[in-house]
Novice: 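Could you have a look at this structure, given as structure tokens, before my questions?
All chains are named by letter (A, B, ...) in the order of the sequence lines, taking the proteins before the strands, and each is independently numbered beginning at 1.
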Amino acid sequence: MPIAQVIVDVPTSQTNTPYSYGISDQLLDIIQVGMRVLVPFGRRQVVGFVVKLTDNQTFSGKLKNIIAPVDLQPVLNKELLQLARWMAADTYSFLISCLQTIIPGGMRTKAKKFLTVTDEAVLGDNADIFQGHAQIEYVAKELDKSQLKRISSLIQQGLVSEHYSLSNHAHQLTQTAIKAAKSEVELTKIQDELPNNAKAQWRLLELLKQGTEPILQTEAANHKITGSTIKLAEQKGWLTKIQVAKNRNPFTSAVTKSQPLTLNPEQANAVQTINASIDRGANQTFLLEGVTGSGKTEVYLQIIANALQQGKTAMLLVPEITLTPQIVGRIRSRFGEQVAMMHSSMSVGERFDEWRRIESGAAKVVVGVRSAVFVPLDNIGVIIMDEEHDSSYKQEENPRYQTRDVAKWRGAYHKCPVVLGSATPSLETRARAGKGVYQRLVLAHRINDQALPEVEIVDMKQEIAGGPDSDLSASLLTAIEMKLKRHEQIILMLNRRGYSSFVLCRNCGFVPKCPNCDISLTYHKDLGQLKCHYCGFTRPMPRKCDQCGSTKLRQLGMGSQKLEETVNRLFPTARVLRMDVDTTRKKGAHERIIKQFSEQQADILVGTQMIAKGLDFPNVTLVGVLNADTGLEFPDFRSSERTFELLTQVAGRAGRADKAGQVIIQTFNPDHYAILLAQTQNYEEFYRTEMKVRHAGKYPPYYFTVKITLSAENEKQVVAQSFAVLNQLQQRLSPNAVILGPTPKVIKRINRRYYYQIIIKYRQEPTLSTTLTELLNQAQQKSKSGIQIGIDNEPMDFM
DNA sequence: AGCACGCCGACT
DNA sequence: GTCGGCGTGCTC
């Protein structure tokens, strides 16, 4: 008698283990490993993943049976199940969270509880619960004591019944098609007997005679056959209606076929080396280090082509904001219909269809963001990660996985090379390439040996005396004016969204703060509101100071909105576009702004980081960075790396075509190495300098790091618990491990909770992972007293 | 996470 | 005496 081992969708440490279920005879040949099932769990029903089928009974109690399968086919194959196990251990998360992360978002589903009333009187007496509906979803959190009591007594009396059902999730879209129900001979006979005026029926019969393939109703419409004719024919028994799968198509435009480009010697060498590795089926990691404009993309395309030729598949991962229609178009123009795309801006239905297309083997090349690393591609020939240093590759919520590590895991599983591409590789990657762990391939030359743009650094300490508009330096103003005259385009970039536009009372110095978080509110002029960027709290912009009642409230700091206004005021004839989190929130807004700017419907593009990366505007000849420093002020060991990266990327944006580019970087730290070396685009020198800093500070890549975050509504409690954790770590870890903290987070309070953290830096700590796992198991008990503990293995920052 | 069981205080 | 508070422990 087979037993199914199921991981239930209850993310706690006590339930982080398989539960055994019996399989009824009807389900015996249906239930498979990797399928989701609905199972009884205590008094309720939950969804779970079947991870094993076995004949050995390990559970001594009485087994319950699986209620029903959630899927008709497994959603996870063997490889992905194994990957989930590894990921759970690596990220210190529950297996169920990893399983849920691996399947596409839209496919996730939960068992929901519903209540049904049949008695009118009961419905009337409990209007507060049922609100006139005979059936409602039961959400315990939304009900008070008296309501819960009444419900349980009604259930006991048999006046209310409960049942479980799955929440909405993406499913296969279908469309109606028709199929002949009679033989060709019979159909011809019917056709002959038709009255002369039954033209539509005649056309329909003609169509039915053509073959055995189902005919889509839309196809029938092309032959001027309406639904009513089909209905009539169905009644007469000529045909049957069936539902066939319909794929949503996320690609909006058709593409023209493109041909491989001629490679320069460096590109050719890279392609050859990686191809050899693909052909051998070698699990090797490459660092493809190429300056902006050195033609990395063409290298990717040619190695993907080789993988396909070998009968294998390929994966190309790109950062969130660079997955633009332009990029996808370029891939599709080379590989056509075999390309599948995975992006968060796609609807859940589109993602579902792309996922099934990959699983069925119809799509052999996948282009996508972080989560695309989990697609069910089989027989992978190469995995490519473009801009491998990009921070969007690390998931900032549980499970906190690093895409690079998952890619490498899959590379090992499929015995294929992993290619990490970047102009500014992460120090971790570059260091491994230096040690020979990865093979380093360098593209030092830009295509056609284009000159790098001229980069000017403006010392804002000198400028500040300059005048009322000290946001824009004299050099930048002159340069903008000149470019406008020549009808060339300009990008003005602000470094970060935070720190912008807070409100200050000029009379008493009061700054409005968020009541839930330890942070100033940000002024949003278009809404006339003050907003907290951490918890979303909003309040109208006050007319008077909360503290002293003065009306002298002034907006301080620099936000992209304010910059847009300043630019509009100083250059009234220029057309200005703004791109930041606020203007790109709506689906497709991002693409629209890029399109407008590339079609030269605007002269100046103002925005935050997101304009820096991957965009290619040939007519942009000036890029201004308004505040290069903001990144450097962050209390974070990666701040120099981030600043260097960003400035290098931006500098690469200027003058990519035939026109010479100009870059102006405004800063208060003109002597900082990250800024000086970005000026000359000297990555290698930056790498050497920064490595010394990391070595001295015992930071990655010399040390591994773990960040433990504790939070609670009561500050004293968090502090006490943090010290308890510290104590435990000190006892268990070797004296070589560096333990920092506990310290309050930079923003100590968010959403009414206090946050403290402990950082561990280490080189070799064999007991670390068991210690941390234990810690998490204890945390389960602690969570009852309101303490939450989170572990981030290799965090992106120490903030 | 839910949901039930179980053990103590304040009420018809 | 019971109702109901929430601390504790289990869910195949």
Novice: I need the CD1-C1' distance between A:Ile3 and C:dC12, as an integer number of Å.
Specialist: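 It works out to 10 Å between those atoms.
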
Novice: Within the stacking criterion (centroid distance below 5.5 Å, interplanar angle below 30°), does A:Tyr19 stack on C:dC12?
Specialist: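 Answer is no, no stack.
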
Novice: Looking only at N and O atoms, is any donor in the side chain of A:Arg44 or the base of B:dA1 less than 3.5 Å from an acceptor on the other one?
Specialist: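 Between B:dA1 and A:Arg44, which were checked side chain against base, a qualifying N/O pair under 3.5 Å is present.
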
Novice: Round to the nearest Å and state the distance from A:Asn65 atom CG to C:dT11 atom P.
Specialist: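 Between P of C:dT11 and CG of A:Asn65: 17 Å.
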
Novice: Once you apply a heavy-atom cut-off of 4.0 Å, does A:Pro40 come out as touching a base, just sugar-phosphate, or nothing?
Specialist: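 Counting heavy atoms under 4.0 Å across all strands, the contact made by A:Pro40 is with sugar-phosphate only.
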
Novice: To the nearest Å, give me how far apart NZ (A:Lys141) and P (B:dG2) are.
Specialist: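 So the NZ-P distance, A:Lys141 to B:dG2, works out to 7 Å.
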
Novice: Tell me if the centroids of the rings in A:Phe374 and A:Tyr401 come within less than 6.0 Å of each other.
Specialist: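 Under 6.0 Å, so yes.
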
Novice: What contact category does A:Tyr21 fall into here, base, sugar-phosphate, or nothing, at under 4.0 angstrom with non-hydrogen atoms?
Specialist: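 Sugar-phosphate: the residue A:Tyr21, judged by heavy atoms under 4.0 Å, touches backbone atoms but no base.
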
Novice: Tell me: CZ of A:Arg43 to C1' of B:dC5, nearest whole Å?
Specialist: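 Interatomic distance, CZ of A:Arg43 to C1' of B:dC5: 11 Å.
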
Novice: Quick check: are there more than 12 heavy atoms from other residues, nucleotides or ligands sitting under 6.0 Å from CG of A:Leu72?
Specialist: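 Open.
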
Novice: Whether A:Lys64 contacts C:dT11 is assessed here as follows: a side-chain N or O lying under 4.0 Å from the phosphate OP1 or OP2. Is that the case?
Specialist: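 Negative; the distance criterion is not met.
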
Novice: Check whether more than 12 heavy atoms from other residues, nucleotides or ligands sit under 6.0 Å from atom CZ of A:Phe704, and answer yes or no.
Specialist: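 For A:Phe704, atom CZ is not crowded (no more than 12 foreign heavy atoms under 6.0 Å).
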
Novice: From the options C:dG4, B:dC3, C:dC10, select the nucleotide whose nearest atom is closest to the side chain of A:Gln14.
Specialist: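 Of C:dG4, B:dC3, C:dC10, C:dC10 is nearest to the side chain of A:Gln14.
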
Novice: Is the shortest side-chain N/O distance from A:Lys149 to OP1 or OP2 of C:dG4 below 4.0 Å?
Specialist: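 Indeed, a polar side-chain atom of A:Lys149 lies that close.
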
Novice: Please give, in whole Å, the distance from B:dC3 P to A:Phe41 CZ?
Specialist: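 Nearest whole value for this atom pair: 12 Å.
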
Novice: What is the distance, to the nearest angstrom, from the CG atom on A:Leu143 to the C1' atom on B:dG2?
Specialist: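 Rounding to the nearest Å, CG of A:Leu143 and C1' of B:dG2 are 14 Å apart.
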
Novice: Answer with base, sugar-phosphate or nothing: what part of the nucleic acid does A:Lys110 contact at a heavy-atom distance below 4.0 Å?
Specialist: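 Here A:Lys110 touches no strand at all.
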
Novice: Are any of the side-chain nitrogens in A:Arg749 or A:Glu715 under 4.0 Å away from the carboxylate oxygens of its partner?
Specialist: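 No, no charged N to carboxylate O under 4.0 Å.
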
Novice: Rounded to whole Å, please give me the gap between CZ in A:Phe59 and C1' in C:dC12.
Specialist: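 Roughly 4 Å, once rounded to whole Å.
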
Novice: In whole angstrom, give the distance that lies between atom CD1 of A:Ile67 and atom P of C:dC12.
Specialist: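 For the pair A:Ile67 CD1 and C:dC12 P, the rounded distance is 10 Å.
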
Novice: Out of C:dC12, B:dA1, B:dC3, which nucleotide sits closest to the side chain of A:Val10?
Specialist: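 Between C:dC12, B:dA1, B:dC3, the one nearest the side chain of A:Val10 would be B:dA1.
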
Novice: Show every salt bridge (Lys or Arg N to Asp or Glu O under 4.0 Å) that has at least one partner inside residues 3-22 of chain A, sequence neighbours left out.
Specialist: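 Qualifying pairs: none.
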
